[in-house]
Structure formats: structure tokens, C-alpha cells
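What follows is one structure encoded as C-alpha cells, with my remarks underneath.
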Protein chains: 2
Amino acid sequence: MLNNILFYSLEKAIKRYRRFAQANIDRAGIAITIDQWLVLHVILENDDLTQAEIGERVFKDQASVARIIALLTGRDLLAAVPLPHDGRRTQMRVTAEGQRVLDAVQPIVLSNRETALRGLSDADLTTLRVLLERIYTNCTSPPQAPE
Amino acid sequence: MLNNILFYSLEKAIKRYRRFAQANIDRAGIAITIDQWLVLHVILENDDLTQAEIGERVFKDQASVARIIALLTGRDLLAAVPLPHDGRRTQMRVTAEGQRVLDAVQPIVLSNRETALRGLSDADLTTLRVLLERIYTNCTSPPQAPE
DNA sequence: GCAACTTCCATGATATATCATACATCCTTT
DNA sequence: AAAGGATGTATGATATATCATGGAAGTTGC
């Protein structure tokens with residue numbers, strides 16, 4: 001039964017956290033989604049990643065990243081500069097407005113995390129992380145034998 | 001920094017698990033999504049819930065439940081019988097085909113959970129659950145004072 | 001320098017999440 | 001019974017997730 005309810009607790013916690021975090025951003029009057037913020041943040045730190053590489057860092061697939069980038073570009077938080085040496089790609093640049101949004105969201109994200117983790121010790125966090133990573137790796141190589 | 005990466009681990013674990021679980025259902029040749037299965041399962045156990053009540057049990061909102069029910073009904077896994085005493089509602093009934101799908105998916109779900117949690121002790125699961133519940137409650141009452 | 005392969009991105013189709021709203025139906029109060 | 005409020009459902013708009021595919025551009029082997 002523990003086994004049974006664990007994934008409920010997981011879903012429950014993550015969904016609640018996401019709703020909570022988004023609500024706090026909304027309440028601050030900042031028009032960006034958490035997912036868009038994540039992508040923008042990654043691009044700020046490394047502007048020469050492919051969409052697939054960005055996706056790896058935020059656990060999204062390339063298609064999702066492409067659409068998020070399109071939205072960020074449409075809102076002028078991100079600008080695409082063609083790369084001369086590779087016609088398939090463009091270099092992403094966070095615009096001044098994008099930087100403003102990042103700066104505005106940053107303290108909210110920190111506060112969200114702090115609130116969400118209130119009462120959890122460092123040891124708790126480590127335990128949690130280790131167990132979650134274990135679940136991740138357990139799900140990574142499919143169990144079925146070669147056919 | 002622990003704080004920092006925890007939510008990454010959370011996202012990572014849950015997304016991986018969902019992909020893993022869905023892949024195993026797909027591989028078994030069963031045409032249903034995990035979310036549809038969840039809703040169908042809840043309805044089987046209790047066929048006189050409102051969409052909002054179903055949503056509470058699977059952490060979805062009423063709109064999502066409505067759409068999932070529409071899909072299940074369209075695939076004849078679920079049938080809607082009007083309730084005589086309340087014209088707004090219909091009673092949901094899992095069809096024979098729906099029951100077949102539930103039965104087929106059940107062992108896969110059990111095996112998915114077992115695989116995902118391999119190597120975690122009961123104590124680990126309890127710890128995990130307690131910590132996740134704590135995150136949930138931490139995010140539940142917004143921190144800001146009444147206005 | 002061309003064919004085959006690979007990489008990168010865009011996009012269609014479908015499912016879900018969220019918010020908001022519309023609509024019908026019920027219930028309560030007077 | 002009529003008005004007002006509450007409840008249950010459907011649906012629009014937008015964002016994301018996933019799979020699949022198409023097309024452009026790069027690379028490799030010959």
C-alpha cells in the first residue's frame with residue numbers, strides 16, 4: 001500500500017508546488033510561466049545550446065522547448081541571432097526585457113522554494129534527493145530482457 | 001544548493017516515471033493513457049462522484065476530468081447514464097470494454113511501481129511520503145497575510 | 001561533388017493543465 | 001412561484017507534453 005500511495009504523494013506535491021509557485025509569480029504581476037522562466041534561465045547561463053540540450057537541462061523534449069522559445073521570442077524576452085557557421089541554428093540572446101523578468105522572478109523563486117521546503121533539514125533534502133534519483137534510475141533502463 | 005536541485009530531482013523523477021509507465025502500457029498494446037486509466041479506475045470504485053470530486057482524487061481540475069471523461073466515453077470505455085433526480089449529472093458506468101482495459105492495465109501498473117521503487121525499503125517509502133506531504137502542506141496556505 | 005546519413009528546428013496531432021466563463025439545473029428564501 | 005445563489009458540466013483560450021514527421025543544413029564516405 002505504501003508503494004500504492006507514494007506516486008499519489010509525488011503527483012500531489014509536485015502539482016501543488018507548481019501551482020503555488022505560478023500563483024506567486026502571477027501575484028507579482030509578472031507575465032511568465034514557470035516553464036518559460038526555466039528555459040530563459042538556462043539560456044541566460046548558456047546561450048549556445050541546441051533546443052535538445054536545453055531540454056535535457058529542464059526535462060523537456062525538443063518540441064516543447066521549441067514552442068517555449070517561440071513564445072519567449074514573441075514576447076521579446078528572447079532574441080534569435082543567426083549563427084553564421086551553422087545555418088540550422090540561431091544563437092539565443094536574453095533581451096533587456098528578458099533580463100528584467102529574470103531579475104524580478106528570481107527572488108520569488110527563491111522564496112517559493114524556501115516556503116515549500118520549510119521544516120525540512122539538509123539531511124531530509126539529501127534523503128529526498130537520493131530516493132528520487134533512485135526512482136529515476138529505476139525507470140531508466142526498461143526491465144524487459146532483450147528479445 | 002540542495003534546496004536548489006531538489007525540485008529538479010522531483011521533476012526528473014516524476015517525468016521519468018510517467019514516461020516509463022506509459023511506455024509499458026503502450027508496449028502491451030493497450031490504447032489508454034495513464035491519466036485516463038486513473039480516472040477510469042476512480043470511477044469504477046465509485047460511480048457517483050462529480051467531476052470535481054474525481055478531480056480531487058487524481059489531482060486534476062474539473063475541466064481536465066471533463067475532457068478525459070469525454071475521451072473515455074468516446075472510446076466506449078465509459079458510458080453515461082442520466083441521473084433521474086438531478087438533470088445536471090449523469091452516472092458514469094465502466095463498460096465491459098472498460099473493465100477489460102482496467103484488468104489488462106492493472107498488472108502493468110503494479111509492475112511499474114515495483115520496478116520504480118526497487119531498492120527502496122518501507123522505511124524509505126514512509127520517509128519519502130512524509131517529506132512529500134510536508135512540501136504539499138507547505139505550499140497549501142499561501143504565506144501572505146490576509147489583506 | 002554527390003549520395004547517404006545525421007543534426008537541428010518547426011510543426012501537426014493528440015492529450016493534459018489551468019483559468020475563465022457560459023449554461024443548465026438545482027436549492028433556498030421569501 | 002419567482003429571484004438569487006449554488007452546483008455540475010462543457011468549452012474556449014493558452015501553455016505544455018509527447019510522438020511523429022518534414023525540411024533544411026551540415027557531415028561523411030566514396
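First the proteins, then the strands, lettered A, B, ... as listed; each starts at 1. As the structure is a prediction and not an experimental result, all values here were calculated from the model.
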Toward the 5' end of DNA chain D, by each residue's nearest nucleotide, B/Leu49 or B/Asp26:
B/Leu49
Testing A/Val94, A/Leu71, A/Ile32 for side chain to side chain contact (heavy atoms under 4.5 Å, CB included) with A/Leu77, which one passes?
A/Ile32
Heavy-atom contact window of chain A on DNA chain C, given 5' to 3' at under 4.0 Å
C/dT7 to C/dT18
Donor-acceptor contact present, side-chain B/Arg100 to main-chain B/Thr95, <3.5 Å
no
Any Lys/Arg nitrogen of A/Lys12 or B/Glu56 sitting under 4.0 Å from an Asp/Glu carboxylate oxygen of the other?
no
Report yes if some heavy atom in the side chain of B/Tyr8 is under 4.5 Å from a heavy atom in the side chain of A/Arg57; otherwise report no.
no
Find out whether B/Val101 and B/Arg75 are in side-chain contact, i.e. whether some heavy atom of one side chain is under 4.5 Å from a heavy atom of the other.
no
Any donor-acceptor pair under 3.5 Å linking the side-chain atoms of B/Thr127 with those of B/Asp124?
no
Just wondering, do A/Gln99 and A/Leu44 contact through their side chains at under 4.5 Å, heavy atoms?
yes
For nucleotides 5-8 of chain D, list the nitrogen or oxygen atoms of the protein found under 3.5 Å from its nitrogen or oxygen atoms, one pair per line.
{"from": "D/dT7", "atom 1": "O2", "to": "B/Arg88", "atom 2": "NH1", "distance (Å)": "2.7"}

Near DNA chain C, under 4.0 Å by heavy atom, which residues of residues 57-83 of chain B?
B/Lys60, B/Asp61, B/Ala63, B/Ser64, B/Arg67, B/Ile68, B/Leu71, B/Arg75
Are the side chains of B/Leu40 and B/Leu102 in touch, meaning some heavy atoms are under 4.5 Å apart?
yes
Going by heavy atoms in the side chains, are A/Arg16 and B/Phe59 under 4.5 Å from each other?
no
Is B/Arg18 salt-bridged to B/Asp35, cutoff N-O under 4.0 Å?
yes
